[in-house]
Amino acid sequence: MDNNPEQNRKNTEQPQIPLEELIRNRRRKLADLREKNINPYPYKFDRTHMIGEARNNYADLSSKETVIRLAGRIMLKRKMGKAIFTDIHDMTGKIQVYVKLDNVGKEIFKLYDKKIDLGDIIGVEGVLFTTKTGEMTVMVAKFEILCKSLHPLPDKHSGLVDKEQRYRRRYVDLIVNPEVRETFIQRGKIIHSIREFLRNRGFLEVETPILQPIYGGAAAKPFKTHHNALDLELFLRIADELYLKRLIVGGFDKVWEFCKDFRNEGMDRLHNPEFSMVELYWAYADYKDIMALFQDMMRKVVFDLHGKYKIEYEGMEIDFEPDFKEISMVDAVKIETGIDFLQLDFDAAGEKAKEFEIDSEELINWGKVVEKFFEEKVEPKLVQPTFIKDFPLDISPLAKVHRENPRLTERFECYIGGLETGNAFSELNDPDDQRARFESQVKAREKGDEEAHQLDEDYVTALMYGMPPTGGLGFGIDRLIMILTNSHSIRDVILFPQMRPEKDE
RNA sequence: GGGGGUGUAGCUCAGUGGUAGAGCAUCUGCCUUUUAAGCAGAGGGUCGAUGGUUCGAUCCCAUCCACCCUCACCA
C-alpha cells in the first residue's frame, strides 16, 4: 500500500467490480478517520432534540440562540467552495446543516468535506438560523461522525424503485422512500388505537401458544415443526380462537390477543404466510354486540389516524360515519342473483351452481354453494363497510346455531373496500354440538378437505366445564392497514414480507 | 399451476444483429447562505443464467432463475 492514498486512488489496483470500488473509496475514508484517531463507530451521542422537535420550536430556539445537538443520516450534500450544506434525516424529519470554513477551521472543514459521505450518520452541535433562501438550518459549530456508511445509497431523488429490492432490503427502502416510513408509522398508530380502544372497554390482553399440538380456529393448512425434547410434532398456529375461548371458560370475561398467525398457503397481494390478527372474546355478549363493538372500534381507529371518517382506498371513497350496512348472506345473494337459497335444498342449490357455471368441485354441501355464490356475485361489490351475517351452518363449525333458523349460524363478516376484514360469531358453547361439528369436520377431512378442523378433545372438555354465552371476533390487521393506508399489496404493510431467498453465486 | 410483463453501471432508465449510453452517485479541480446547487474533467459494465441460430448475440430462439401483474387456489 502506498502512503499517499489521495494520489493513488486510480490506476493502482486491478479493475474491480464497480460496487466494490465505491465501497473501497469509503473504506479508505474509514481508515483515514482511524488514522486521525477518530472513532468512526463511537458509542453514543447526546441529542437535545429530535429534528422534528427542533423544527417545531424554531422561533424560540433561534431567537435565544440556543445551542442544540441533532443527529441523523446524511441524505444530500452540497458543497459551495468553503461552505457545505448537508441535509440530515432522523425519524421525525429532516433539516439542513451548514458547515462553514470560518466557523469550524480548516482542518475540521477538510475532514467534513473529504471524509463524510452520503449515508453517513453524524451528530451536529450549533444554533438554528434561516438562510437567505428561507431554509431552516443548523449553523454547525461542532460535528461528530457517529457511523461511517460503507455501502452507497440509491439515487438521491429516484430512490429505490425495484420492488424486489425494496422488499428484500427494507432498511434501504425505509431510508430513501419517505412514504414507506409513513405507512409503517401509520401501522403503529393503528395498532395503538386498537389497543387503547380495547383497554378502555375492559379487555385483558393475553398471550397464547404459537406452537400448538392441535391447530384449529380456522380453515387453513398449517406449518409443521418438531420439538426435539418432547419428540413431538407441533404446528404454528393458524388462529388463536380455541385458546382464547379456554380463557373465557377460565373466567376471563373479556380477553384479546394481538397475534401473528401462520398459514401454509399461496401468496399474493392479499396473503402473506405470516400475518397479524386481533382476536377478542366477550362473555355474555352475542354477535350483535360484537357488531356494535367492531363498528365503534373501526370508527375510532379511522378517526384517530385521519381525523375524519371518509377515506380513499384504491380510488373508492369509503365512509365510516354512517352505521355499517347489515344484511344476511342469503339476502345479499338473493338481491344479486334473484335466487333464494333458503327455499332450496343442497341438490337444488347444486343445480343453480351448474346453471351459473360456478365451479362445483368443492361444493360438498349447501353452505358451500351459498358461500360460493356470495363470493362470486356479492363480495366484490361491498365497498362501504358492510356486515354480512347469518352464515350457513355447514361452513361455520365454531359458531352457534342461529336462534331463528337451524340451517344458519349467528356469524358475520365485515367487508370494507371489497376486502374481508373481520369474522365474528356468537360462540358455540354447547359441548355436545361442538363435538358433533368437529366430527363432521373430521369426515370432511377424510373426504379430502385439507383445511377442515381437527378434533380438539381438550377444547370440548373445556366446554364441558361450561363457557358462558360469548361473542368473539377475529380481524386481519394487515388488510385493515392496507385499507387505511391505501396500500395495494399486503407486502406494502408488512415490513419484511416473505420472499424466496436469493441464490448465492 | 395458467396467461402477461420485467431483468442493461451502486441507483433510475435509454438503446442496437458488428461486444453499449444518459442522469444521479463516485474520483480530481473551481466556487463562503446553497438546496435535484452549478461549472470543468475522469473512472466505472460477463447487458439475469445456460444453451442454440449466426462469420458475429446484450439484441433473435429455447430452457432456467428472480420479481411484478392477473387468473386459479385460499375464512
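Fair warning: this is a prediction, and the values are worked out from it, not measured in the lab. Each chain gets a letter, A, B and so on, in the order its sequence line appears, and its residues count up from 1.
Counting non-hydrogen atoms under 4.0 angstrom, A/I84 reaches nothing in the nucleic acid. Using a 4.0 Å heavy-atom distance criterion, A/K156 is classed as a sugar-phosphate-only contact. Nucleic acid contact class of A/E265 (heavy atoms, under 4.0 Å, all strands): sugar-phosphate only. Within 4.0 Å of A/G217, counting heavy atoms only, lies at least one base atom of the nucleic acid. No contact: A/F275 has no heavy atom under 4.0 Å from any strand. Note on A/E241: a base of the nucleic acid sits closer than 4.0 angstrom, heavy atoms only. A/G159 comes within 4.0 angstrom of sugar-phosphate atoms only, judged by non-hydrogen atoms across all strands, and of no base. Looking at heavy-atom distances under 4.0 Å, A/R263 makes contact with sugar-phosphate atoms alone, never a base. Residue A/K221 is classed as having no contact, given no heavy-atom separation below 4.0 Å to the nucleic acid.
A/F223 and A/F235 have their aromatic ring centers separated by at least 6.0 angstrom.
Interface remark: the A/Q96 side chain does form a donor-acceptor pair with the B/U34 base, using a distance-only criterion of under 3.5 Å. Looking at A/D155, its side chain has no donor and acceptor atom pair within 3.5 Å of the base of B/G10. Side chain A/D102 to base B/U32: a donor-acceptor pair is found below 3.5 Å. The base of B/U34 is paired with the side chain of A/T131 by a donor and an acceptor separated by under 3.5 Å.
The two residues A/Q454 and A/Y215 make their nearest non-hydrogen contact at OE1-N, 3.0 Å. What you find for A/A220 and A/I238 is that their closest heavy atoms are O-CD1, 3.9 Å.
Side-chain atoms of A/R26 come within 3.5 Å of backbone atoms of A/S149 as a donor-acceptor pair (strictly under, hydrogens ignored). With hydrogens and angles disregarded, no donor-acceptor distance shorter than 3.5 Å links the side chain of A/D478 to the backbone of A/I481. The closest donor-acceptor contact from the side chain of A/Q295 to the backbone of A/F324 lies under 3.5 Å. The backbone N or O of A/H488 lies less than 3.5 Å from a partner atom in the side chain of A/R269, making a donor-acceptor pair.
Closest to the side chain of A/P18, from the set B/U32, B/G10, B/C73, is B/G10. With B/C73, B/U26, B/G44 as the candidates, the nucleotide lying closest to the side chain of A/K372 is B/C73. Closest approach to the A/E164 side chain among B/U35, B/A66, B/U12 is made by B/A66 (side chain taken as heavy atoms from C-beta onward). The side chain of A/N25 approaches B/C27 more closely than any other nucleotide in the set B/C24, B/G10, B/C27. For A/L19, the side-chain atoms get nearest to B/G10 when compared with the rest of B/U32, B/G10, B/G29. Residue A/K163 has its side chain nearest to B/C68 when only B/U34, B/G44, B/C68 are considered.
Nucleotides B/G17 and B/U58, compared at atom P, are 13 Å apart to the nearest Å. When the P atom is compared between B/U70 and B/U28, the two are found 47 Å apart, to the nearest whole Å. Rounded to whole Å, the separation between the C1' atoms of B/A42 and B/A25 comes to 14 Å. Using P as the reference atom, B/A40 and B/A57 are 39 Å apart when rounded to the nearest Å. A gap of 14 Å separates the P atoms of B/U8 and B/C59, to the nearest Å. Nucleotides B/G38 and B/C65 have their P atoms positioned 45 Å apart, rounded to a whole Å. Between B/G4 and B/C74, the two C1' atoms lie 22 Å apart (nearest whole Å). Taking atom C1' on both B/G44 and B/C24, the two are 14 Å apart, rounded to the nearest angstrom.
A salt bridge links A/D32 to A/K115: at least one charged side-chain nitrogen sits closer than 4.0 Å to a carboxylate oxygen.
When only modelled atom types and interatomic distance are considered, A/Y58 and A/T130 share a side-chain donor-acceptor pair under 3.5 Å. Residues A/E279 and A/Y281 bring a donor and an acceptor atom of their side chains to less than 3.5 Å of each other.
Positionally, the nearest nucleotide of RNA chain B for A/R269 lies more toward the 5' end than for the other of A/I395 and A/R269. Closest-nucleotide positions on RNA chain B for A/T130 and A/P154 were compared, and the one nearer the 5' end corresponds to A/P154.
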Name every donor-acceptor pair, under 3.5 Å, that has one atom in a side chain of residues 410-425 of chain A and the other anywhere in the protein, sequence neighbours excluded.
unit_1	atom_1	unit_2	atom_2	d
A/E410	OE1	A/R403	NH2	2.8
A/E410	OE1	A/S426	OG	2.8
A/E410	OE2	A/R403	N	3.2
A/E410	OE2	A/R403	NE	2.5
A/E410	OE2	A/R403	NH2	3.4
A/R411	NE	A/N423	OD1	3.0
A/R411	NH1	A/I395	O	3.0
A/R411	NH1	A/S396	OG	2.8
A/R411	NH2	A/E413	OE2	3.2
A/E413	OE1	A/Y415	OH	2.6
A/T421	OG1	A/C414	O	3.0

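The separation between A/M267 atom CE and B/G1 atom P is 13 Å, rounded to whole Å. A/E314 has its CD atom 11 Å from the P atom of B/C69, to the nearest Å. Protein atom CD of A/E20 is 17 Å distant from nucleotide atom P of B/C27, rounded to whole Å. Counting to the nearest Å, the C1' atom of B/C39 and the CE atom of A/M80 are 12 Å from each other. One atom, CG of A/D113, and another, P of B/U26, lie 11 Å apart when rounded to the nearest Å.
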Item to check | side chain to side chain donor-acceptor pair (under 3.5 Å) between A/T208 and A/E257, intermediate numbers included | outcome: CA-CA 8 Å; A/T208 63; A/E257 180 165 12; 2.6 Å; yes
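Taken residue by residue, residues 482-500 of chain A places heavy atoms nearer than 4.0 Å to RNA chain B at A/H488, A/R491, A/M499, A/R500.
For the OP1/OP2 pair of B/U34 and a distance below 4.0 Å, the side-chain nitrogens and oxygens of A/R78 include no atom meeting the criterion. Note on A/K114: a side-chain N or O is less than 4.0 Å away from OP1 or OP2 of B/G29. The side chain of A/K77 contributes no N or O atom lying less than 4.0 Å from OP1 or OP2 of B/C24.
Note on residues 167-179 of chain A: pairs passing side chain to side chain donor-acceptor pair (under 3.5 Å), not counting sequence neighbours, are A/E164-A/R168, A/R166-A/D173, A/Y167-A/D492, A/R170-A/D173, A/D173-A/N177.
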Pick out the pairs of N or O atoms, protein on one side and nucleotides 3-7 of chain B on the other, that lie under 3.5 Å.
none

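Residues satisfying the ring-ring contact (aromatic ring centres under 6.0 Å, His included) criterion with A/Y459, sequence neighbours excluded, are absent altogether.
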Checklist outcome for this item: RNA chain B in dot-bracket form (Watson-Crick or G-U pairs under 3.5 Å, [ ] crossing, | inter-strand) is (((((((..((((....[..)))).(((((.......))))).....(((((..]....))))))))))))....
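Atom CG in A/D240 sits 7.0 Å away from atom CD in A/Q212 (nearest 0.5 Å).
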